[in-house]
Trainee: 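Okay, here's the structure, questions in a sec.
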Amino acid sequence: MYLVLTQKDKIPARLVLYFLSWSGFLVSFMMRNDMNFALVAMISNGNSTQNQSNYGSQTVLGGGSDDRISMVKSVIISSFYWCYVLSQVAGGVATELFGTKCVFGWSQLATAICSILMPLAAQLHYIAVIVLRSIQGFASGLTWPAMYAIVGYWIPLTERSRFMSSFQGFSIGIGLTYPLCGFILSEFGWPYVFYTTGTLGLGWCLMWYLLAFNTPREHPRIAEEELNYIELNIRREVYHAAKVKVPWLQIFKSLPAWAIAITTFGRIFVHYIFIVNGPTFMGNVLKFNFETNGFLSGMPFVCSYISSVFFCFLADKFVMYKVLNLTNVRKLFTALSQIIPGLLIYCIGYIDNVHILLTVWFIAVIFITASYAGAMANIIDLAPNYGHSAAVLAFCQTIHMSASFISPLTAGFLVTREDSIDQWRRVFEVSAIISILTYAVYQIFGTAEIQSWNKELPTHDDTDEGKIFSKPKEDLDKNFRPT
C-alpha cells in the first residue's frame, strides 16, 4: 500500500519526500537555466524590444567583436557543465560521508547564493560570472547521486518507478524558467531573474531542512505503521547490497554500458541545443520579444513532462503484451528519441514559415523524452541487482553529460553572428549527424539482458532468510540478525 495514513501523521513521509525531490529538481533547474535566457538581455545591443538596465552588456562581456562576444557567452554557459561532470563521483563519496540531507541541501544553498550574487559578479568582470557558474555546476552535480542514495533507504522496490517520476521535476523547472524570465526581463530587467531564482532556492532550502531526513528512523514524525512497512520491504535489499562490491572494472569493459553512454551523449547534445541555445535562436533569428520568447522556449519542456509519462506507459504495455522483446522496446524508444529529433532539427534550418518551424521544434523536443523508456531505462535492465544500476548510471552520466558543455561550446564556435540563419544551419546539421550516428552504436551493441557481472547469486541461507522476512512486523527487529 503506497500511502499509509494514520491519526498521528495524515501525510505519509514518503509522499513528503516525493514532493521535496520533485520541487528540488524543479528549483535546481530553474537556477541552472536562468542564465540561458538572461544572457539574451545581458548581451543586448540596443534592441528596442529589450528592457535595458544599469547592468550593461559591456559590463558582462567586456566589449569586443561579435566573434569574441559569442565565444565568451558560450564559455559562460558551458562553465556550469565543466564542474557538473566532474562532481558526479564526488557526489557519491560526499553522500556516503555526510548523507543526502546535508549534501543535497548544501548544494542547493550554494547554487542559490551564487544566483543572488550573479548581478554583482557581472558588474565586476565576466570572469567572476564564470567562477560563480562553475561553483553552481559543481554543487548541482552533487544532487543526482545524493537523491539516488536516499531512495534506497526510503522507497521499497515496488514503489520506485513511481518515485523516480519525481526526478522529472526538472522538465517543469525548465518549462517555468523561460516564461518567468521573459516576464521579469520585460518588466524589471535581467538582474531580477537571478534574484528571483536565488530567492526561490533559499526558500526551498528552508523547507528541505525542516522536512527531509536521511532515513525513516531519523524522521521524528513518521507513523509507526509506515516505518515498519518501509523497513520490512527494504531490509532484504540492503542485506544483499552490502554483500556484493560494485564491479567497476566489468562495468567499464561492458559494451552495452558504453552503448548507453554514447547514444545518450548524442541525445543530450541535441537536447541542450534546444535548452541552452533555443532562447538565443528565437530572440535573434525569429525576432521574438522577451515574453513571447520565454513562452515559446519553455512550453515544449512542460509538454515533454507529459510525453515522457506517455512514452513510459506505452513501453510498459509493449513489454506486458509482448509486442516486442525488452531489447527491441529499448531500441525502438531510443530511436524515437534520437532519429526523429535528429531529422527534425536538420529541417529547422531550412523552414521559412515560422509556424511550421515552431511546430517542428515542439515535436522534436517532445520526442526526445522517449529516451526515458529507452536507453535511460536500459541502465536498470543491465544491472537490476545489488543496487549496481546506480554505479552504471554514474559511469554513463560521467561520459554522456560531457555533451552538456560540448554542445554550447560547439554552438558558440559555429555561430559568431547570432542573427545568421546560415550559421545556425551548421549547428543544426552537426547536431543531427551526432544524434543519428551515436544511436547507430546503441543499435549495434545495445541489449536489455542482465549482464553476467550482475546475475543474482544464490546464498546458502535463502530459506532461513525467507522465513525471517515472512515474520510479522512486530517480530522483525527481534529476529533480523544479518551477518
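Positions are given from 1 along the sequence.
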Trainee: Test side chain to side chain contact (heavy atoms under 4.5 Å, CB included) on His400 and Phe269 and set out the steps.
Mentor: CA-CA 9 Å; His400 68 232; Phe269 190 98; over 6 Å; no
Trainee: Do Ile275 and Phe301 make a side-chain contact, defined as non-hydrogen atoms from C-beta onward lying under 4.5 Å apart?
Mentor: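 Ile275 vs Phe301: side chains touch.
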Trainee: Could you give the distance from NZ (Lys331) to CG (Leu336), rounded to the nearest 0.5 Å?
Mentor: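 Rounded to the nearest 0.5 Å, the NZ-CG separation comes to 14.5 Å.
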Trainee: Checking the side chain of Ser87 only, and the main-chain atoms of Cys83 only, is there a donor and an acceptor separated by less than 3.5 Å?
Mentor: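 Yes: the side chain of Ser87 pairs with the backbone of Cys83.
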Trainee: Is the backbone N or O of Arg133 less than 3.5 Å from a side-chain atom of Ser79, with the two atoms forming a donor-acceptor pair by type?
Mentor: no
Trainee: Can you tell if the side chain of Gln136 reaches within under 4.5 Å of the side chain of Ser115, non-hydrogen atoms only?
Mentor: yes
Trainee: Do Phe265 and Tyr439 pass the ring-ring contact (aromatic ring centres under 6.0 Å, His included) test, and can you show the C-alpha distance, the side-chain angles, and the key distance before you say yes or no?
Mentor: CA-CA 9 Å; Phe265 176 95; Tyr439 169 73; over 10 Å; no
Trainee: Treating Glu291 as the side-chain partner and Gly182 as the backbone partner, does any N or O pair qualify as donor plus acceptor under 3.5 Å?
Mentor: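 No.
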Trainee: Apply side chain to side chain donor-acceptor pair (under 3.5 Å) to the pair Trp154 and Thr215, showing each step before the final yes or no.
Mentor: CA-CA 6 Å; Trp154 272 92; Thr215 66; 6.0 Å; no
Trainee: With the side chain counted from C-beta on, respond yes when Ile260 and Tyr442 share a heavy-atom pair under 4.5 Å apart, and no when they do not.
Mentor: yes
Trainee: Could you tell me which residues satisfy side chain to side chain donor-acceptor pair (under 3.5 Å) with Ser431, sequence neighbours excluded, listed by chain and number?
Mentor: none
Trainee: Measure the CD1-SG distance between Ile135 and Cys114 for me, rounded to the nearest 0.5 Å.
Mentor: 4.5 Å
Trainee: Quick check with a 6.0 Å cut-off and a 45 degree axis cone: is Arg330 positioned over the face of Tyr372's six-membered ring?
Mentor: no
Trainee: Give, for atom CD1 of Ile444 and atom OG1 of Thr447, the distance between the pair rounded to the nearest 0.5 Å.
Mentor: 14.0 Å
Trainee: Return the orientation label for the Phe395 and Trp258 ring planes: parallel under 30°, perpendicular over 60°, tilted otherwise.
Mentor: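 The arrangement is perpendicular - the two ring planes meet at more than 60°.
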Trainee: Scan side-chain atoms only and decide if Thr369 and Ser307 contain a donor-acceptor pair under the 3.5 Å cut-off.
Mentor: yes
Trainee: How far does CD1 of Ile184 sit from OH of Tyr195, to the nearest 0.5 angstrom?
Mentor: 12.5 Å
Trainee: Assess the side chains of Gln108 and Thr143: does a donor N or O sit below 3.5 Å from an acceptor N or O?
Mentor: no
Trainee: Would you say the side-chain atoms of Glu218 pair up with the backbone N or O of Ala212, donor to acceptor, closer than 3.5 Å?
Mentor: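 No, Glu218 side chain to Ala212 backbone: no donor-acceptor pair under 3.5 Å.
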Trainee: For Glu449, is there any backbone N or O sitting under 3.5 Å from a side-chain donor or acceptor partner on Gln451?
Mentor: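 Yes; judged by distance alone, with no hydrogens or angles, the pair exists.
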Trainee: Are Tyr153 and Ile230 packed together at the side-chain level, in the sense that at least one heavy-atom pair is separated by less than 4.5 angstrom?
Mentor: no
Trainee: Answer yes or no: is there a donor N or O on one side and an acceptor on the other, between the side chain of Asn33 and the main chain of Phe29, under 3.5 Å?
Mentor: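 Answer holds: yes.
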Trainee: Examine the side chains of Thr197 and Asp34 and answer whether a donor and an acceptor come within less than 3.5 Å of each other.
Mentor: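 Looking only at side-chain atoms, Asp34 and Thr197 do form a donor-acceptor pair, the distance falling under 3.5 Å.
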Trainee: Can you give the donor-acceptor pairs under 3.5 Å from side chains of residues 309-325 to other protein atoms, not counting sequence neighbours?
Mentor:
| residue | atom | partner | partner atom | Å |
| --- | --- | --- | --- | --- |
| Asn325 | OD1 | Thr327 | N | 3.2 |
| Asn325 | OD1 | Asn328 | N | 2.8 |
| Asn325 | OD1 | Asn328 | ND2 | 3.3 |

Trainee: Might you work through the ring-ring contact (aromatic ring centres under 6.0 Å, His included) test for Tyr84 and Phe405, ending with a clear yes or no?
Mentor: CA-CA 9 Å; Tyr84 181 86; Phe405 64 84; over 10 Å; no
Trainee: Does either side chain, that of Ser134 or that of Trp82, offer a donor lying less than 3.5 Å from an acceptor on the other one?
Mentor: no
Trainee: Can you tell me how far the CG atom of Asn277 sits from the CD1 atom of Ile77, to the nearest 0.5 Å?
Mentor: 6.0 Å
Trainee: Please report the closest heavy-atom contact between Gly266 and Ile434, naming both atoms and the distance.
Mentor: CA-CG2, 3.9 Å
Trainee: Is the closest side-chain heavy-atom distance between Ser452 and Gln250 below 4.5 Å?
Mentor: no
Trainee: Identify, with sequence neighbours excluded, every residue that meets side chain to side chain donor-acceptor pair (under 3.5 Å) alongside Ser297.
Mentor: Asn293
Trainee: Do Arg32 and Phe170 form a cation-pi contact, if we require the NZ or CZ to be under 6.0 Å from the six-membered ring centre and within 45 degrees of the ring's axis?
Mentor: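 No.
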Trainee: Which distance, rounded to the nearest 0.5 Å, do you find between the CG of Leu200 and the SG of Cys205?
Mentor: 11.0 Å
Trainee: Do Met30 and Leu180 touch side chain to side chain, with heavy atoms closer than 4.5 Å?
Mentor: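 The answer is yes, as the side chains (C-beta and beyond) meet within the 4.5 Å cut-off.
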Trainee: Tell me, please, whether Tyr209 has Lys101 positioned over its six-membered ring: NZ or CZ under 6.0 Å from the ring centre and within 45 degrees of its axis?
Mentor: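 Yes - Lys101 lies over the ring of Tyr209, closer than 6.0 Å to its centre and within 45° of its axis.
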Trainee: For Tyr192, is the OH atom crowded, meaning more than 12 foreign heavy atoms sit under 6.0 Å from it?
Mentor: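 For Tyr192, atom OH is not crowded (no more than 12 foreign heavy atoms under 6.0 Å).
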Trainee: Should Pro279 and Tyr178 count as side-chain neighbours, where that means a heavy-atom distance under 4.5 Å?
Mentor: yes
Trainee: Spell out, as yes or no, whether a donor-acceptor pair under 3.5 Å connects the side chain of Ser107 to the backbone of Phe104.
Mentor: yes
Trainee: Please check this pair: side chain of Ser337 against backbone of Thr334, looking for a donor-acceptor N/O pair closer than 3.5 Å.
Mentor: yes
Trainee: Give a yes or no on whether the backbone of Ala261 and the side-chain of Thr264 come within a donor-acceptor separation of less than 3.5 Å.
Mentor: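 Side chain of Thr264 to backbone of Ala261, a donor-acceptor pair under 3.5 Å: no, none is there.
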Trainee: Does any N or O in the side chain of Ser407 come within less than 3.5 Å of the main-chain N or O of Ser404, such that one atom is a donor and the other an acceptor?
Mentor: no
Trainee: Under the side chain to side chain contact (heavy atoms under 4.5 Å, CB included) criterion, do Ile76 and Met35 qualify, and how do the steps go?
Mentor: CA-CA 9 Å; Ile76 289 174; Met35 181 64 76; 4.1 Å; yes
Trainee: Between Thr177 and Phe37, is any pair of side-chain heavy atoms under 4.5 Å apart?
Mentor: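 When only atoms from C-beta onward are counted, Phe37 and Thr177 do not touch, as no gap falls below 4.5 Å.
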Trainee: Give the ring-plane orientation class for His219 versus Phe213, where under 30° counts as parallel, over 60° as perpendicular and anything between as tilted.
Mentor: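 Aromatic pair His219/Phe213 classed tilted.
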